[in-house]
Amino acid sequence: MKSISALALAIGLVPAVHATDAAVADAPVADASASAPEQAASRASRNKYVVRPEDAGFCLYGGKPTGDARYKPLKNIKTSRETYGSVLDELPRFVATAKALGADAVVDYNGAQHFGFWPWRLVRPVTSGVPIKWDGPAPDCAASGGATFATVMATDKEPPRK
């Protein structure tokens, strides 16, 4: 009976702790006169994730890049945590896996929470996409419809899907 009670308590605490963390992360900036970009910069500065400089410019596309840049797709990749967490916790490993394959960017990127069968995998982050190698010069990431790794980590927003 004690083990069932402990399990029920543990399952109930995980969403409560995450809700508290989200409320703290989305708390308004103390200076009410600050503009929206200043408030966004303040939230980004409180971000607990550190992006390595060599990975900061890695481009993620929610769909296909716009323009006429040509690329060669590599092997599809998918990474996930086996326990509860944020997609931002998994994204550095995803980028490292793509770069290990020799990728310059990732198309069809998707980072989301997925449901699992076991209680400790109730909701877990999963990232997937297709690493690509550019044939020729790489286009500007933002101009071609993507978002850099550093931008995604700072804003916690996926690249736009097209």
Side-chain angles (χ1 to χ4, degrees), residues 14-15 18-19 21-29 34-117 120-162:
V14 171
H18 181 56
D21 289 344
V24 169
D26 293 335
V29 177
S35 67
E38 290 171 344
Q39 289 179 354
S42 176
R43 274 194 300 276
S45 68
R46 290 183 286 166
N47 194 337
K48 66 180 181 178
Y49 304 102
V50 178
V51 176
R52 296 184 336 195
E54 60 269 17
D55 294 341
F58 191 81
C59 196
L60 302 167
Y61 293 95
K64 306 288 187 230
T66 58
D68 58 355
R70 301 185 55 78
Y71 58 87
K72 180 180 117 184
L74 304 173
K75 176 183 157 188
N76 289 356
I77 58 172
K78 177 180 170 181
T79 62
S80 64
R81 286 187 58 174
E82 298 303 319
T83 59
Y84 187 79
S86 168
V87 171
L88 295 180
D89 294 333
E90 187 58 29
L91 192 54
R93 187 165 66 126
F94 177 77
V95 169
T97 303
K99 288 182 85 171
L101 291 173
D104 298 324
V106 170
V107 297
D108 296 327
Y109 166 77
N110 182 22
Q113 297 288 335
H114 289 235
F115 287 97
F117 177 75
W120 54 89
R121 292 177 67 174
L122 184 60
V123 179
R124 64 193 181 104
V126 177
T127 56
S128 63
V130 181
I132 61 170
K133 186 82 171 156
W134 295 112
D135 291 336
D140 179 61
C141 185
S144 61
T148 63
F149 173 56
T151 302
V152 171
M153 292 296 284
T155 62
D156 193 13
K157 301 255 186 273
E158 280 194 355
R161 296 194 186 276
K162 295 194 185 204

Residue pair [X] / [Y]: nearest heavy atoms and the distance that separates them:
X      : Y      : value
Leu101 : Pro131 : CD1-CG, 4.0 Å
Pro92  : Met153 : CG-CE, 4.0 Å
Val130 : Asn76  : CG2-OD1, 3.1 Å
Val152 : Leu88  : O-CD2, 4.0 Å
Ala56  : Thr148 : O-CB, 3.4 Å
Cys141 : Leu60  : SG-N, 4.5 Å

Between [atom1] of [X] and [atom2] of [Y], what distance do you get to the nearest 0.5 Å?
X      : Y     : atom1 : atom2 : answer
Arg93  : Ile77 : CZ    : CD1   : 10.5 Å
Glu90  : Thr97 : CD    : OG1   : 8.0 Å
Asp156 : Leu91 : CG    : CG    : 9.5 Å

Exercise. Side-chain contact test, heavy atoms from C-beta onward, threshold under 4.5 Å: evaluate it for Asn110 versus Glu158 and give yes or no.
Key: yes
Quiz item: So, do Pro65 and Val107 sit near enough that their side-chain heavy atoms are less than 4.5 Å apart?
Solution: yes
Quiz item: Hey, which of Phe58, Phe94, Phe149 is the one that makes ring-ring contact (aromatic ring centres under 6.0 Å, His included) with Tyr109?
Solution: Phe94
Quiz item: Is there a donor-acceptor pair under 3.5 Å between the side chain of Thr66 and the backbone N or O of Ser144?
Solution: yes
Quiz item: Within the side chain of Gln113, is there an N or O that forms a donor-acceptor pair under 3.5 Å with the backbone of Val126?
Solution: no
Quiz item: Pick one: which of Arg70, Lys99, Lys72, Lys133 meets salt bridge (Lys or Arg N to Asp or Glu O under 4.0 Å) with Asp104?
Solution: Lys133
Exercise. List the steps, then state whether side-chain contact (heavy atoms from CB on, under 4.5 Å) holds for Lys64 with Asp108.
Key: CA-CA 6 Å; Lys64 306 288 187 230; Asp108 296 327; 2.5 Å; yes
Quiz prompt | Exceeds 12 heavy-atom contacts within 6.0 angstrom, atom CG of Asp68 | solution = no
